[in-house]
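What follows is a single structure, written as structure tokens, with notes after it.
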Amino acid sequence: MNQQRKNTRPHGGKPSGGTKPSGPAKGGTVDRRQKKKKASTLDPKLFVKKAKPTGQAGFRTEKSFQDISLDSRLLSNILHKGYQTLTTIQDQSILPLLDGRDMMAISKTGSGKTAAFLIPIIEHALKDPRNYTALVVTPTRELALQIENEFKSLTAGLHLYSATFIGGTNINSDYKQLERKLQVIVGTPGRLLDLSDRKLLKLNQVNTLVLDEFDRMLDMGFVNDVKKLVNLIGRRDQTLLFSATLEPAQKQLIASLLHNPIEVIVENAGGTNENIEQQTVHVPEGADKFGMLAAMIKSPDMEKVILFAETKRLADRLAKKLNQAGVTAGQIHGDKSQNFRVKMIEEFKKGNIRVLVATDVAARGIDVADVSHVINYQLPMTMDAYIHRIGRTGRAGKVGHAITFVD
Ligand code: ADP
Ligand code: MG
């Protein structure tokens with residue numbers, strides 16, 4: 001453990017000190033009782049850690065995509081995306097998945113899990129496009145769209161088809177998409193079940209089921225829908241579970257989904273990404289917390305910031321106040337329409353807004369290149385939530401920064 005004991009200010013380097021840790025340092029997740037409480041009981045010391053940048057070397061292996069036998073057109077699409085060597089998780093999962101094995105894979109945020117499951121899926125689809133369907137289920141709409149985008153870029157010119165079925169969109173347009181044979185369907189559980197209820201989506205034809213961010217998919221918020229989906233799918237060739245964190249309490253449920261699986265746990269998975277510099281900022285009693293935030297964000301090295309807020313209402317308020325303070329900001333959370341959310345992420349990607357204010361739910365799995373800073377305006381409730389939040393920066397081997405406010 002390379003945790004600094006003192007809290008440091010991200011700028012000026014002046015230690016602010018004075019925070020009282022609320023309990024013994026604990027790794028991993030907190031227990032359920034803590035989850036119910038309003039205020040986080042996590043020890044702020046957990047959020048201070050020096051980056052140990054591994055750079056591209058730590059992110060990628062020596063193995064190049066040419067070394068594995070892939071369809072030449074798929075290979076050229078992979079290279080066209082700028083992927084040359086496999087990441088560790090890709091190296092450990094692609095071959096067994098090509099062999100048709102079930103898998104549970106745990107690997108850090110930003111380590112290339114999407115391509116790790118999509119590349120074998122594309123190979124299977126190319127072998128038998130008429131009879132192959134993969135279903136990728138995700139906890140958020142944005143993540144579903146992002147996965148379909150990755151699929152599209154990997155399959156350019158290959159005559160494979162995909163669709164994304166998510167809430168907040170007009171279901172009539174889903175009907176049209178279902179008229180053609182789809183090799184890959186990506187979606188969120190509610191809409192997928194809805195389409196299945198309407199007898200439009202034939203879940204029993206699914207060959208490969210992927211649960212991305214599976215610990216979230218199997219937690220209370222989603223597990224009943226996921227169980228329904230799994231029952232409707234019935235017999236399938238392959239089941240794949242991918243995430244950056246593992247919830248030990250889900251062990252039995254995981255076992256019930258997988259048949260003779262391979263477990264891939266990339267070293268140090270479940271911990272935070274080594275490429276992220278983690279700091280806390282102490283907010284003295286009576287201090288103007290928002291003022292501190294605004295002053296910090298005005299610093300020019302804060303190029304692209306995701307700011308996490310615990311509630312939707314706070315996210316709205318922070319975005320509004322930042323704009324009033326002259327910082328371009330937008331927000332994504334569950335109460336915003338899908339169009340609005342997609343547009344905000346686009347604006348953020350393009351750099352038209354510098355700060356994206358988000359809730360945990362909306363930001364799971366999102367990959368925006370070059371997010372320089374993740375700021376937690378409040379302590380996250382669980383260590384896993386923290387890992388996923390700060391994992392929006394320091395992606396693909398780059399260095400990122402995480403700053404957590406401690407009241
Ligand atoms: P995860 O799901 O593990 O959080 P993603 O699949 O979203 O990570 O990938 C993180 C980033 O790394 C993406 O921008 C992706 O394009 C990039 N990436 C994935 N695989 C490679 C690779 N082999 N070489 C270079 N970049 C890659
Ligand atoms: Mg992912």
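Start at 1 and go down the list; that is how both ligands and their atoms are numbered. For clarity, every value in this text was computed on a predicted model and none was experimentally measured. Values below: every heavy atom of this structure, side chains too, minus hydrogens, waters and symmetry copies. For this chain, numbers begin at 1 and follow the sequence in order.
With a 4.0 Å cut-off on non-hydrogen atoms, T85 touches ligand 1 through its backbone and not its side chain.
F242 and F214 have their aromatic ring centers separated by at least 6.0 angstrom.
Under a 3.5 Å cut-off, the side chain of K113 and the backbone N or O of D212 do not form any donor-acceptor pair. Looking only at distances, a side-chain donor or acceptor of R141 sits under 3.5 Å from a matching main-chain atom of G167. E303 places no side-chain N or O within donor-acceptor distance of the main-chain N or O of H373, the cut-off being under 3.5 Å. A donor-acceptor pair under 3.5 Å is absent between the side-chain atoms of N207 and the main chain of R236, judged by distance alone.
Using a cut-off of 4.0 Å between Lys/Arg side-chain N and Asp/Glu carboxylate O, D91 and K63 are scored as salt-bridged. By the 4.0 Å N-to-carboxylate-O rule, R389 lies close enough to E310 to be salt-bridged with it.
The salt bridge (Lys or Arg N to Asp or Glu O under 4.0 Å) test with E142 is passed by exactly one of K343, K349, R341: R341. Screening L379, V48, L42 for a side chain to side chain contact (heavy atoms under 4.5 Å, CB included) involving V406 leaves a single residue, L379.
Of all atoms in ligand 1, listed by their number and element, those nearer than 4.0 Å to a heavy atom of S111 are 1 (P), 3 (O), 8 (O). Heavy-atom contacts of K108 reach the following atoms of ligand 1: 3 (O) (cutoff under 4.0 Å). Annotation for ligand 1: atoms under 4.0 Å from non-hydrogen atoms of T114 are 2 (O), 5 (P), 6 (O), 7 (O). Which parts of ligand 1 touch R395 is read off a 4.0 Å heavy-atom cut-off, strictly below it: atoms 1 (P), 4 (O), 5 (P), 7 (O), 8 (O), 10 (C). Those atoms of ligand 1 with a heavy atom of T109 less than 4.0 angstrom away are 4 (O).
The closest approach between F65 and ligand 1 falls below 4.0 Å for a heavy atom of the residue. Residue contact annotation: I78 has no non-hydrogen atom under 4.0 Å from ligand 1. The closest approach between a heavy atom of A369 and any atom of ligand 1 is not below 4.0 Å.
Considering backbone and side-chain N/O atoms, G365 never comes within less than 3.5 Å of an N/O atom of ligand 1. No N or O atom of Q146 sits closer than 3.5 Å to an N or O atom of ligand 1.
Atom 14 (O) of ligand 1 has its nearest heavy-atom neighbour, among I366, I147, D367, in D367. Remark: among candidates F117, F242, Y83, the nearest residue to atom 17 (C) of ligand 1 is Y83, based on non-hydrogen atoms. Distances from atom 2 (O) of ligand 1 to the heavy atoms of Q90, K113, E150 put K113 nearest.
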